[in-house]
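Okay, so here's the structure we're looking at.
For this chain, numbers begin at 1 and follow the sequence in order. Since the structure is predicted, the reported quantities are computational estimates derived from the model, not experimental observations.
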Amino acid sequence: MHPQIIAMAAAEHVKDMQADATRSRRARQARRARRGVITAGPATRPVQLAAPAPCPQLPCPPLSARAA
């Protein structure tokens, strides 16, 4: 092919890639704006739920040393 045609095709390809990048960047910015930007803040510990209270009545009597 002629060098000028190759240069024009390459320039067109670069413009297409730049347009794709711009579209992708704008789409990302729009998504972040819709859901709010997640920023790195101070680390927090997860909330620990209180342990359930033990059952007041055992399901079976405890085993003695002789029974084992």
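Interatomic distance, CD of Gln18 versus NE2 of His13, reported as 10.5 Å (0.5 Å rounding). Taken from CD in Gln29 to CZ in Arg34, the straight-line distance is 12.0 Å, to the nearest 0.5 Å.
Legend: residues meeting side chain to side chain contact (heavy atoms under 4.5 Å, CB included) with Arg28, ordered by chain and number and at least two apart, are Ser24, Arg25, Arg31, Arg32. Asp20 pairs by the salt bridge (Lys or Arg N to Asp or Glu O under 4.0 Å) definition with Arg23, not counting sequence neighbours. Here Arg26 pairs with nothing under the side-chain hydrogen bond (donor to acceptor under 3.5 Å, both in side chains) rule; sequence neighbours left out.
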